[in-house]
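Owing to the predicted nature of the structure, the values given are computational and were not obtained by experimental measurement.
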Amino acid sequence: LPSVYAWSPLVGILGFILGSFFIGSSQIWKVVRIAQGADGNCGSADARAATCVEGGACVGGWGFFFGTIVYWIAEDDLAGTVWMAVLAMWIAGSTAFTFGGLSLAYRHFVMGIV
(Lines give C-alpha, C1' and ligand atoms only; values in the text may rest on other atoms or scores of the structure.)
Protein backbone atom coordinates (compact mmCIF):
# COMPACT_ATOMS: atom_id res chain seq x y z
CA LEU A 1 0.00 0.00 0.00
CA PRO A 2 1.45 3.38 -0.95
CA SER A 3 0.37 5.04 2.30
CA VAL A 4 2.08 2.37 4.40
CA TYR A 5 5.18 2.43 2.21
CA ALA A 6 5.30 6.24 2.54
CA TRP A 7 5.37 5.86 6.32
CA SER A 8 8.35 3.50 6.14
CA PRO A 9 9.55 1.08 3.47
CA LEU A 10 10.72 -1.23 6.27
CA VAL A 11 7.15 -2.11 7.25
CA GLY A 12 6.82 -4.70 4.50
CA ILE A 13 10.12 -6.49 4.91
CA LEU A 14 10.10 -6.40 8.71
CA GLY A 15 6.49 -7.57 8.73
CA PHE A 16 7.45 -10.48 6.50
CA ILE A 17 10.45 -11.34 8.69
CA LEU A 18 8.42 -11.16 11.91
CA GLY A 19 5.54 -13.12 10.39
CA SER A 20 7.91 -15.85 9.22
CA PHE A 21 9.53 -15.95 12.66
CA PHE A 22 6.20 -16.40 14.41
CA ILE A 23 5.09 -19.08 11.94
CA GLY A 24 8.34 -21.02 12.37
CA SER A 25 8.24 -20.68 16.16
CA SER A 26 4.61 -21.74 16.53
CA GLN A 27 5.12 -24.72 14.26
CA ILE A 28 8.16 -25.87 16.26
CA TRP A 29 5.96 -25.78 19.35
CA LYS A 30 3.32 -27.90 17.60
CA VAL A 31 5.89 -30.46 16.42
CA VAL A 32 7.28 -30.74 19.96
CA ARG A 33 3.78 -31.27 21.36
CA ILE A 34 3.09 -33.99 18.78
CA ALA A 35 6.45 -35.63 19.54
CA GLN A 36 5.63 -35.69 23.26
CA GLY A 37 2.51 -37.66 22.43
CA ALA A 38 -0.18 -35.87 24.40
CA ASP A 39 -2.53 -38.74 23.55
CA GLY A 40 0.08 -41.33 24.55
CA ASN A 41 0.49 -42.51 20.97
CA CYS A 42 3.16 -40.33 19.31
CA GLY A 43 4.08 -43.12 16.87
CA SER A 44 0.64 -43.47 15.34
CA ALA A 45 -0.08 -42.83 11.67
CA ASP A 46 -2.09 -39.76 12.70
CA ALA A 47 0.84 -38.36 14.68
CA ARG A 48 3.24 -38.96 11.78
CA ALA A 49 0.89 -37.24 9.34
CA ALA A 50 0.34 -34.35 11.76
CA THR A 51 4.11 -33.99 12.15
CA CYS A 52 4.44 -33.72 8.36
CA VAL A 53 1.75 -31.01 8.26
CA GLU A 54 3.23 -28.93 11.06
CA GLY A 55 6.85 -29.69 10.16
CA GLY A 56 6.31 -28.56 6.58
CA ALA A 57 4.99 -25.21 7.77
CA CYS A 58 7.85 -24.98 10.29
CA VAL A 59 10.58 -25.48 7.69
CA GLY A 60 8.70 -23.19 5.31
CA GLY A 61 8.52 -20.39 7.85
CA TRP A 62 12.20 -20.66 8.72
CA GLY A 63 13.17 -20.81 5.03
CA PHE A 64 11.41 -17.52 4.39
CA PHE A 65 12.69 -16.00 7.66
CA PHE A 66 16.36 -16.64 6.92
CA GLY A 67 16.03 -16.02 3.17
CA THR A 68 14.39 -12.64 3.73
CA ILE A 69 17.01 -11.61 6.29
CA VAL A 70 19.80 -12.43 3.82
CA TYR A 71 17.87 -10.57 1.11
CA TRP A 72 17.48 -7.52 3.37
CA ILE A 73 21.16 -7.47 4.39
CA ALA A 74 22.47 -7.93 0.83
CA GLU A 75 19.68 -6.01 -0.92
CA ASP A 76 22.08 -3.61 -2.65
CA ASP A 77 24.49 -6.35 -3.77
CA LEU A 78 22.32 -9.26 -4.90
CA ALA A 79 24.64 -10.87 -7.37
CA GLY A 80 25.86 -14.39 -7.92
CA THR A 81 26.15 -16.53 -4.82
CA VAL A 82 24.14 -14.29 -2.48
CA TRP A 83 21.17 -14.18 -4.83
CA MET A 84 21.31 -17.94 -5.29
CA ALA A 85 21.39 -18.47 -1.51
CA VAL A 86 18.30 -16.27 -1.05
CA LEU A 87 16.53 -18.03 -3.89
CA ALA A 88 17.46 -21.47 -2.50
CA MET A 89 16.06 -20.59 0.94
CA TRP A 90 12.82 -19.26 -0.56
CA ILE A 91 12.44 -22.32 -2.79
CA ALA A 92 13.09 -24.62 0.18
CA GLY A 93 10.48 -22.69 2.18
CA SER A 94 7.95 -22.89 -0.63
CA THR A 95 8.59 -26.60 -1.13
CA ALA A 96 8.18 -27.24 2.60
CA PHE A 97 4.91 -25.29 2.72
CA THR A 98 3.67 -27.30 -0.27
CA PHE A 99 4.67 -30.56 1.45
CA GLY A 100 2.79 -29.49 4.58
CA GLY A 101 -0.30 -28.65 2.54
CA LEU A 102 -0.18 -31.96 0.69
CA SER A 103 0.20 -33.75 4.02
CA LEU A 104 -2.86 -31.92 5.31
CA ALA A 105 -4.83 -32.98 2.25
CA TYR A 106 -3.66 -36.57 2.83
CA ARG A 107 -4.86 -36.44 6.45
CA HIS A 108 -8.28 -35.15 5.41
CA PHE A 109 -9.01 -37.06 2.23
CA VAL A 110 -7.11 -40.34 2.66
CA MET A 111 -7.02 -40.83 6.42
CA GLY A 112 -10.44 -39.24 6.97
CA ILE A 113 -9.28 -37.08 9.89
CA VAL A 114 -11.24 -33.87 10.15
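- What you find for A96 and G60 is that their closest heavy atoms are CB-N, 3.5 Å.
- Scanning both residues, F99 and G56, for their nearest heavy atoms gives CD2-CA, 4.5 Å.
- A pairwise comparison of heavy atoms in M89 and V70 identifies CE-CG2, 3.7 Å as the closest pair.
- The aromatic rings of F21 and F65 sit tilted, their planes meeting at an angle between 30° and 60°.
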- Task: Apply side-chain contact (heavy atoms from CB on, under 4.5 Å) to D46 and R107, showing your working.
- Result: CA-CA 8 Å; D46 178 35; R107 283 189 83 209; 2.3 Å; yes

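- Between W90 and W83, the ring planes lie perpendicular to each other; the angle is over 60°, past the 30° to 60° tilted range.
- The hydrophobic cluster containing W72 also contains W62, counting ILVMFWY residues as joined when their side-chain heavy atoms lie under 4.5 angstrom apart, directly or transitively.
- Residues I34 and Y106 are members of separate hydrophobic clusters, defined by side-chain heavy-atom contacts under 4.5 angstrom among Ile, Leu, Val, Met, Phe, Trp and Tyr.
- Under the 4.5 Å side-chain heavy-atom criterion for ILVMFWY residues, no single connected hydrophobic cluster contains both V59 and F64.
- Placement of I23 and V32 within a single hydrophobic cluster is found when ILVMFWY residues are connected by side-chain heavy-atom separations under 4.5 Å, directly or transitively.
- Under a cut-off of 6.0 angstrom, the local environment of CE in M84 is sparse, with at most 12 non-hydrogen atoms contributed by other residues, nucleotides or ligands.
- Screening V53, I28, T51 for a side-chain contact (heavy atoms from CB on, under 4.5 Å) involving C58 leaves a single residue, I28.
- F22 contributes atom CZ, which lies 12.5 Å from atom CD1 of I17 (distance to the nearest 0.5 angstrom).
- Considering CG of L18 and OG1 of T68, their distance stands at 11.0 Å, rounded to 0.5 Å.
- By the rule that hydrophobic residues join a cluster once side-chain heavy atoms approach within less than 4.5 Å of another member, F97 and V86 end up as members of one cluster.
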